[in-house]
Amino acid sequence: MNKKESEENIWEIIGFIKVSSSRYKTIKSLSGNDYKMPSEIAKETNLSPTQVSSALNDLKSKKLVICLNENAKKGRLYKTTKLGLKILEILK
């Protein structure tokens with residue numbers, strides 16, 4: 001991927017986030033080096049657990065967040081990836 005394609009991809013991702021307030025609030029909640037459970041994100045953002053879960057799945061599909069303990073049924077922890085942190089810097 002060259003620099004132009006990379007930049008276009010970043011703006012595509014930013015549009016993908018900004019079009020959904022739940023994606024935007026979810027990734028903002030995970031800013032910095034925080035790792036959080038979906039229930040913590042829901043409380044912090046006033047989103048429903050279903051909205052947070054959907055947003056996390058969307059963000060995961062774009063490689064903006066990762067689940068640190070994927071095999072856990074409860075207490076899953078999510079963290080922003082390097083790409084996610086780069087996107088957050090632009091969104092500020």
Side-chain angles (χ1 to χ4, degrees):
M1 184 183 301
N2 64 35
K3 191 173 180 178
K4 187 172 190 278
E5 287 172 329
S6 175
E7 195 169 309
E8 285 174 6
N9 188 38
I10 284 175
W11 292 113
E12 207 173 282
I13 291 170
I14 287 172
F16 173 78
I17 292 169
K18 290 194 85 148
V19 78
S20 163
S21 66
S22 55
R23 281 185 220 139
Y24 183 75
K25 288 177 182 178
T26 300
I27 197 163
K28 288 289 258 189
S29 173
L30 287 169
S31 64
N33 291 322
D34 288 354
Y35 53 89
K36 294 181 181 168
M37 293 188 304
S39 59
E40 294 172 309
I41 297 168
K43 282 180 191 164
E44 190 178 303
T45 59
N46 291 322
L47 294 170
S48 73
T50 305
Q51 288 174 302
V52 171
S53 178
S54 177
L56 285 169
N57 284 330
D58 291 345
L59 295 169
K60 231 169 69 173
S61 75
K62 297 287 187 186
K63 300 191 180 355
L64 301 173
V65 300
I66 56 168
C67 181
L68 300 172
N69 54 344
E70 197 71 55
N71 293 327
K73 294 282 184 221
K74 287 190 171 195
R76 283 194 176 147
L77 296 167
Y78 289 86
K79 177 179 168 77
T80 318
T81 62
K82 285 184 182 177
L83 176 60
L85 290 172
K86 186 176 181 179
I87 296 295
L88 278 165
E89 274 301 308
I90 296 169
L91 286 171
K92 284 184 180 172

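- Hydrophobic clustering (ILVMFWY, side-chain heavy atoms < 4.5 Å, transitive): Leu64 and Trp11 are in one cluster.
- Looking at residues two or more places apart in sequence or on another chain, you find no salt bridge (Lys or Arg N to Asp or Glu O under 4.0 Å) involving Arg76.
- By the salt bridge (Lys or Arg N to Asp or Glu O under 4.0 Å) test, Lys60 is found to be paired with Glu70, residues two or more places apart in sequence or in another chain being considered.
- For Lys25, there are no salt bridge (Lys or Arg N to Asp or Glu O under 4.0 Å) partners at least two apart in sequence or on another chain.
- The main-chain N or O of Leu30 is found under 3.5 Å from a side-chain atom of Thr80 such that the two form a donor-acceptor pair.
- Note that CG of Leu56 is 5.5 Å distant from OG1 of Thr26, once rounded to the nearest 0.5 Å.
- Asn69 CG to Tyr78 OH: the interatomic distance, rounded to the nearest 0.5 Å, is 8.5 Å.
- Leu68 forms part of a hydrophobic cluster together with Tyr35, Met37, Ile66, Leu77, judged by ILVMFWY side-chain heavy-atom separations under 4.5 Å.
- In this view, Glu44 and Lys36 satisfy the salt bridge (Lys or Arg N to Asp or Glu O under 4.0 Å) rule, not counting sequence neighbours.
- In terms of modelled atom types and a separation under 3.5 Å, the side chain of Ser54 and the main chain of Gln51 share no donor-acceptor contact.
- Listed for the Ser53 side chain is no donor-acceptor partner under 3.5 Å among the backbone atoms of Pro49.
- Shown here for Ser29 and Thr45, the closest heavy-atom pair between the two residues is CB-CG2, 3.9 Å.
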Side chains of residues 84-92: which donor-acceptor partners sit under 3.5 Å, not counting sequence neighbours?
unit_1: Glu89; atom_1: OE2; unit_2: Lys92; atom_2: NZ; d: 3.4

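- The line from CG of Leu59 to OH of Tyr24 is 13.0 Å long, rounded to the nearest 0.5 Å.
- The OG atom of Ser22 sits 6.0 Å away from atom CG of Leu47, with the distance rounded to the nearest 0.5 Å.
- Rounding to the nearest 0.5 Å gives a distance of 7.5 Å between CG of Asn9 and CG of Leu83.
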